[in-house]
Amino acid sequence: MQALDLTSEEYELLENTPVRLAGFQHESVVDGPGLRTTIFFQGCDFHCPGCHNEVTHDKSKGKLVTAYAVYEEIYESKLAGGVTFSGGEPFLQEEALLALAKVCKAKGRHIIIYTGHEVGELLTVCSDERAKLRREILQYADMVITGRFVQKLKTLEMPFVGSSNQEIHELAVHNPWQEE
């Protein structure tokens, strides 16, 4: 129960939270600063034309695992100092995203979340209950990258984004979702 330096509460949370996983990438250098483990959630409603990860769109595909199994993958790489949650769309699986972000942050990992949502819609396109859950998730994120991929705006000039409309939000510097 204490595997991977988890408290019993953290273990229970991760073991009892399902995740539909598309895959993962160990030791990535393209999904955020430094060496990272990237977790690809399965399922996306945006279906952006030209998406480089189209295989993650179908919500019924991928592999159903526990958040604990995902956590094991994150910690398989001892070199990666950060974890990036991508997809698909991570915010389609808020409970799993929250469990993973919360535990990974408690263990000192730098957290990035990619989302196709724009800043103004992330908390407004869902119920109040889900918005509250999303706000809690954002408490654990260091960086959020927002915006749909737009093929005609594709860029190789900006780090960590696919198209120039996407925005990088370093939440310690400026958090557009912070309650005032």
Side-chain angles (χ1 to χ4, degrees), residues 1-22 24 28 31-34 36-46 56 59 62 64-75 80-148 160-161 166-180:
M1 197 176 301
Q2 299 295 337
L4 299 175
D5 193 33
L6 293 171
T7 67
S8 58
E9 292 82 17
E10 290 168 335
Y11 173 81
E12 290 295 322
L13 174 63
L14 294 172
E15 186 62 28
N16 293 314
T17 304
V19 180
R20 185 152 300 274
L21 182 67
F24 52 87
S28 170
D31 296 312
R36 320 184 65 75
T37 300
T38 303
I39 302 302
F40 298 98
F41 284 77
Q42 183 70 39
C44 184
D45 291 335
F46 295 118
T56 66
K59 293 180 199 175
L64 190 60
V65 298
T66 65
Y68 180 78
V70 175
Y71 181 82
E72 286 180 308
E73 288 298 335
I74 292 168
Y75 280 84
V83 60
T84 298
F85 298 111
S86 190
E89 173 54 53
F91 283 100
L92 285 177
Q93 299 186 59
E94 287 123 337
E95 291 83 6
L97 181 58
L98 175 59
L100 287 162
K102 184 177 187 177
V103 174
C104 289
K105 181 50 99 181
K107 302 306 178 194
R109 293 291 168 119
H110 182 271
I111 307 292
I112 294 178
I113 304 171
Y114 276 83
T115 179
H117 290 288
E118 302 296 335
V119 169
E121 68 184 13
L122 182 63
L123 301 176
T124 60
V125 296
C126 55
S127 68
D128 288 345
E129 183 178 311
R130 286 182 59 206
K132 183 179 177 184
L133 189 58
R134 289 178 177 193
R135 194 176 295 285
E136 185 177 356
I137 292 165
L138 292 167
Q139 291 176 12
Y140 300 104
D142 294 289
M143 185 181 291
V144 177
I145 299 171
T146 60
R148 293 164 190 66
F160 316 130
V161 300
Q166 294 173 309
E167 296 181 287
I168 298 172
H169 305 276
E170 292 188 52
L171 301 189
V173 176
H174 172 69
N175 184 341
W177 302 284
Q178 188 171 358
E179 291 182 297
E180 297 186 18

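None of the values given here were measured: they were computed from a predicted structure.
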Is there a side-chain contact (heavy atoms from CB on, under 4.5 Å) between Glu73 and Thr37 once you walk through the steps?
CA-CA 8 Å; Glu73 288 298 335; Thr37 300; 5.5 Å; no
Applying side-chain contact (heavy atoms from CB on, under 4.5 Å) to Ile145 and Thr84, what does each step give before you reach the verdict?
CA-CA 10 Å; Ile145 299 171; Thr84 298; over 6 Å; no
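- Side-chain contact check for Arg134 versus Trp177: every heavy-atom pair is 4.5 Å or farther apart.
- Of the N and O atoms on the side chains of Asp31 and Thr38, at least one donor lies less than 3.5 Å from an acceptor on the other residue.
- Taking CZ of Phe91 as the start and CG of Leu122 as the end, the distance is 4.5 Å to the nearest 0.5 Å.
- Heavy-atom minimum distance, Ala101 versus Ile111: O-CD1, 4.3 Å.
- Looking at heavy atoms from C-beta onward, Tyr68 lies out of side-chain contact with Thr17 at the 4.5 angstrom threshold.
- Here the side chains of Lys59 and Asp45 are in contact, with some heavy-atom distance below 4.5 Å.
- The shortest distance between side-chain heavy atoms of Phe46 and His117 falls below 4.5 Å.
- The distance from the CD1 atom of Ile112 to the NE2 atom of His169 is 12.5 Å, given to the nearest 0.5 Å.
- Counting heavy atoms from C-beta on, the side chains of Glu10 and Tyr71 never come closer than 4.5 Å.
- Minimum interatomic distance between Gly88 and Cys44 (heavy atoms only, all atoms of both residues): CA-CB, 3.8 Å.
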Test side-chain contact (heavy atoms from CB on, under 4.5 Å) on Arg20 and Leu64; report intermediate values, then the result.
CA-CA 4 Å; Arg20 185 152 300 274; Leu64 190 60; 3.9 Å; yes
Assess whether side-chain contact (heavy atoms from CB on, under 4.5 Å) is satisfied between Lys105 and Asp142, documenting all intermediate values.
CA-CA 9 Å; Lys105 181 50 99 181; Asp142 294 289; 2.5 Å; yes
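- The shortest heavy-atom contact between Thr56 and Gly87 is OG1-C, 3.3 Å.
- Shortest non-hydrogen contact noted between Ile74 and Cys104 is CD1-SG, 3.7 Å.
- The heavy-atom pair separating Cys126 from Ala131 by the smallest distance is SG-N, 3.6 Å.
- The CZ atom of Phe24 sits 10.5 Å away from atom CZ of Phe40, with the distance rounded to the nearest 0.5 Å.
- Using a 4.5 Å heavy-atom threshold, the side chains of Ser86 and Ile113 count as separate.
- Annotation: side chain of Tyr140 is in contact with side chain of Leu98 (closest heavy-atom distance under 4.5 Å).
- No side-chain donor-acceptor contact under 3.5 Å links Arg109 to the backbone of Gly81.
- Residue pairs meeting the salt bridge (charged side-chain N to carboxylate O under 4.0 Å, His left out) criterion with at least one member in residues 80-90, sequence neighbours excluded, do not occur.
- Atom NE2 of His110 sits about 5.0 Å away from atom CE of Met143, to the nearest 0.5 Å.
- Listed by first and then second residue, the side chain to side chain donor-acceptor pair (under 3.5 Å) pairs that reach into residues 121-133 are Glu94-Arg130, Glu121-Arg148, sequence neighbours excluded.
- Considering only heavy atoms from C-beta on, Phe41 comes within 4.5 Å of Leu100 through its side chain.
- Between Ala141 and Leu171 the shortest heavy-atom distance is O-CD1, 3.5 Å.
- Interatomic distance, Leu14 CG to Lys102 NZ, rounded to the nearest 0.5 Å: 10.5 Å.
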